[in-house]
Visitor: 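The structure's right below; bear with me while I get my questions together.
Since the model is a prediction, treat every value here as computed from it, not as a measurement. Atom set for the values below is all heavy atoms of this structure, side chains included, hydrogens, waters and symmetry mates excluded. Each chain gets a letter, A, B and so on, in the order the sequences are listed, and its residues count up from 1.
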2 protein chains.
Amino acid sequence: MSEPTSRQRLIEAAIEAFAERGFHATTTRDISTRAGMSPAALYVHHASKEQLLYEVSSFGHADTLAMVREVYASSEDPVERLRLMQYEFTRWHAVHQQKARVVQYEIAALTPEHRREVAGYRRDIEQVYRDAIGAGVDKGVFDVEDVRGTALALISMAIDLVRWYQAEGPRTPEGIADLYAQLALRAVGVSDA
Amino acid sequence: MSEPTSRQRLIEAAIEAFAERGFHATTTRDISTRAGMSPAALYVHHASKEQLLYEVSSFGHADTLAMVREVYASSEDPVERLRLMQYEFTRWHAVHQQKARVVQYEIAALTPEHRREVAGYRRDIEQVYRDAIGAGVDKGVFDVEDVRGTALALISMAIDLVRWYQAEGPRTPEGIADLYAQLALRAVGVSDA
DNA sequence: GTCTATATGAAGATAGAC
DNA sequence: GTCTATCTTCATATAGAC
């Protein structure tokens with residue numbers, strides 16, 4: 001493990017600052033100071049404050065999409081697949097609470113072009129959830145009328161925890177993930193969950 | 001129905017602007033222009049931009065707390081009570097999507113004192129949900145191990161819809177509220193929901 | 001690649017006429 | 001209570017030395 005580069009230190013400082021204060025309330029001075037540099041140093045490594053946000057947002061979205069796709073491919077059993085999907089998706093938002101907060105709540109601050117790009121990732125993530133639920137319905141294992149609405153509800157549950165979750169609090173990421181995985185199965189009508 | 005006062009017009013303009021852009025990205029010029037006034041007019045009716053936010057946030061929180069308390073008192077039956085609670089809480093967030101967005105996502109922009117005040121409202125709302133779930137567990141109607149976590153999950157589901165819900169989209173507030181009420185009952189282990 | 005110094009613009013809020 | 005004009009502060013981003 002080598003030292004992080006200045007570029008990487010600035011990204012991590014930006015995640016911290018954006019998560020705590022929000023993009024618009026964060027100053028480039030705040031970011032560079034957290035990274036232990038002068039205000040000007042930021043622009044040697046990143047073109048603008050928005051570019052920093054885009055970096056965080058785009059990697060974060062790609063990450064979560066890859067994760068749910070991997071889970072989807074990992075099993076043929078609808079119950080185990082949905083359980084693991086909600087478990088991992090929930091856990092990611094708790095473990096990476098700061099990054100997740102930026103990913104989920106600062107989309108409006110991106111340029112229109114960057115916003116369109118992440119919108120694509122988001123559509124794809126929802127599609128994987130719909131596929132996972134739809135497969136269970138097709139096999140007669142799940143009892144769901146509104147597949148799309150149920151997918152949105154499960155995603156919402158996991159995403160919203162970045163609004164209130166605190167790493168210092170009593171709950172572990174795994175504890176919440178377990179609970180939310182159970183709630184996901186109950187939501188699709190698997191009664192012995 | 002008389003004309004809204006300038007004061008009220010400014011509050012409504014602020015809700016619109018804060019919901020679309022966020023508190024920090026909104027300028028006082030934007031608010032006053034939306035209300036059809038000059039930048040200076042805002043300060044005749046409101047002390048500051050933060051005071052406008054506080055007005056929206058505090059009334060919104062008081063509103064939702066009163067609503068869930070009313071629902072709690074309206075029935076003794078745990079199933080009907082929780083169903084109605086999730087229905088009304090969800091519907092409120094869809095119907096008042098812009099106001100709800102400001103209420104739920106701009107807490108960090110309040111002054112510490114104002115933030116403490118709304119934190120109290122939020123604790124109380126969670127408590128009503130915990131009571132509603134706990135009562136069903138005590139009566140042996142609900143099957144829930146983690147009452148607090150389940151309450152948070154149900155609240156999260158409803159709150160998060162302000163992030164994606166669009167009045168122009170295909171879903172009605174009542175349609176989402178029906179679905180989320182059903183999901184709430186399934187979450188507490190009422191299997192014929 | 002880092003710094004100090006600064007250009008440039010725009011924000012929140014106020015002054016003072018009507 | 002509304003306006004125009006403006007004060008003051010602070011933000012993003014750049015210039016240029018080392």
Side-chain angles (χ1 to χ4, degrees), chain A residues 1-58 102 105-115, chain B residues 1-58 102 105-115:
Chain A
M1 294 278 273
S2 52
E3 297 274 296
T5 62
S6 295
R7 183 185 159 76
Q8 192 56 37
R9 287 220 316 283
L10 284 161
I11 289 178
E12 272 149 31
I15 291 173
E16 265 186 41
F18 293 161
E20 282 175 22
R21 310 179 190 284
F23 177 81
H24 290 290
T26 297
T27 67
T28 52
R29 276 175 167 75
D30 184 8
I31 296 170
S32 50
T33 302
R34 282 177 198 252
M37 292 175 228
S38 74
L42 188 150
Y43 294 91
V44 175
H45 303 283
H46 301 277
S48 67
K49 193 172 88 159
E50 192 276 340
Q51 267 289 335
L52 259 170
L53 173 63
Y54 169 65
E55 199 101 1
V56 176
S57 189
S58 125
V102 179
Y105 289 160
E106 299 296 347
I107 295 175
L110 293 167
T111 64
E113 194 186 326
H114 289 160
R115 198 156 55 238
Chain B
M1 295 278 271
S2 53
E3 298 273 295
T5 61
S6 294
R7 183 186 159 75
Q8 192 55 37
R9 287 220 317 284
L10 283 162
I11 289 178
E12 273 148 30
I15 291 173
E16 265 186 42
F18 293 160
E20 281 174 24
R21 311 180 190 284
F23 177 82
H24 291 290
T26 297
T27 67
T28 52
R29 279 173 170 74
D30 183 8
I31 297 169
S32 49
T33 302
R34 282 178 198 250
M37 294 175 226
S38 75
L42 188 150
Y43 294 91
V44 174
H45 302 284
H46 300 277
S48 67
K49 191 171 89 156
E50 193 275 339
Q51 267 288 336
L52 259 170
L53 173 63
Y54 169 65
E55 199 102 1
V56 176
S57 189
S58 122
V102 178
Y105 290 158
E106 300 295 347
I107 295 174
L110 292 166
T111 63
E113 195 187 326
H114 290 159
R115 197 155 56 237

Visitor: What contact category does A:Ala40 fall into here, base, sugar-phosphate, or nothing, at under 4.0 angstrom with non-hydrogen atoms?
Guide: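 Answer is base: heavy atoms of A:Ala40 come under 4.0 Å of a base.
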
Visitor: For residues A:Met37 and A:Leu42, determine if any side-chain heavy atom of one lies less than 4.5 Å from a side-chain heavy atom of the other.
Guide: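 No. Closest side-chain heavy atoms not under 4.5 Å.
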
Visitor: Using whole Å, report how far CE of B:Met37 lies from P of D:dT4.
Guide: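 Result: 14 Å.
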
Visitor: Rounding to an integer number of Å, can you tell me how far B:Leu52 CG sits from C:dA13 C1'?
Guide: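 Taking CG of B:Leu52 and C1' of C:dA13, I get 13 Å after rounding.
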
Visitor: With a 4.0 Å cutoff (strictly under), does any side-chain N or O of B:Tyr43 reach OP1 or OP2 of C:dT14?
Guide: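 No, B:Tyr43 has no side-chain N/O under 4.0 Å of OP1/OP2 on C:dT14.
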
Visitor: Do A:His46 and A:Ile11 come within less than 4.5 Å of each other through their side chains, counting heavy atoms only?
Guide: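 Side-chain contact under 4.5 Å: yes.
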
Visitor: Nearest whole Å is fine: how far is C:dT2 C1' from A:His46 NE2?
Guide: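 Distance check: A:His46 NE2 to C:dT2 C1' gives 15 Å.
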
Visitor: Nearest-Å distance, NE2 (A:His24) to P (C:dA10)?
Guide: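 Rounded to whole Å, this separation is 15 Å.
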
Visitor: Please state whether the phosphate of D:dC10, meaning OP1 or OP2, lies under 4.0 angstrom from any side-chain nitrogen or oxygen of A:Thr27.
Guide: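 Looking at the OP1 and OP2 atoms of D:dC10, neither is under 4.0 Å from any side-chain N or O of A:Thr27.
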
Visitor: When the nearest nucleotide of DNA chain C is assigned to A:Arg29 and to A:Ser38 on a heavy-atom basis, which residue is associated with the more 5' position?
Guide: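 Checking each residue's closest nucleotide, the 5'-ward one belongs to A:Ser38.
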
Visitor: Between A:Asp30 (CG) and D:dA11 (C1'), how many Å, whole number?
Guide: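 Rounded to whole Å, this separation is 12 Å.
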
Visitor: Does a side-chain N or O from B:His45 land closer than 4.0 Å to OP1 or OP2 of D:dT2, or not?
Guide: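 So the side-chain polar atoms of B:His45 do come within 4.0 Å of the phosphate oxygens OP1 or OP2 of D:dT2, strictly under.
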
Visitor: For B:Arg115 and B:Leu110, indicate whether the former's side chain and the latter's backbone hold a donor-acceptor pair under 3.5 Å.
Guide: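 Here the side-chain-to-backbone pair exists.
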
Visitor: Rounded to the nearest Å, what distance is computed from the CD1 atom of residue B:Ile31 to the C1' atom of nucleotide C:dG12?
Guide: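 Rounded to the whole Å, the gap is 11 Å.
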
Visitor: Base, sugar-phosphate, or nothing: which does A:Thr26 touch, judged by heavy atoms less than 4.0 Å apart?
Guide: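 Here A:Thr26 touches the backbone only, sparing every base.
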
Visitor: Just compare D:dC3, D:dT12, D:dG1 and give me whichever is closest to any side-chain atom of A:Thr28.
Guide: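 Of D:dC3, D:dT12, D:dG1, D:dT12 is nearest to the side chain of A:Thr28.
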
Visitor: OP1 or OP2 of C:dT2 sitting under 4.0 Å from any side-chain N/O of A:Ser6?
Guide: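 For C:dT2, OP1/OP2 do have a side-chain N/O of A:Ser6 under 4.0 Å.
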
Visitor: In terms of relative ring orientation, are B:His114 and B:Tyr54 parallel, tilted or perpendicular, with 30° and 60° separating the classes?
Guide: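 Rings of B:His114 and B:Tyr54: parallel, as their planes differ by under 30°.
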
Visitor: Any side-chain heavy atom of A:Ile31 sitting closer than 4.5 Å to one from A:Phe18?
Guide: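 Yes. Closest side-chain heavy atoms under 4.5 Å.
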
Visitor: Rounded off to whole Å, could you give me the CZ-to-C1' distance for the B:Arg21 and C:dA11 pair?
Guide: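 In whole Å, C:dA11 C1' lies 14 Å from B:Arg21 CZ.
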
Visitor: Report the distance from atom NZ of B:Lys49 to atom P of C:dA10, rounded to the nearest whole Å.
Guide: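 After rounding, the reported distance stands at 16 Å.
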
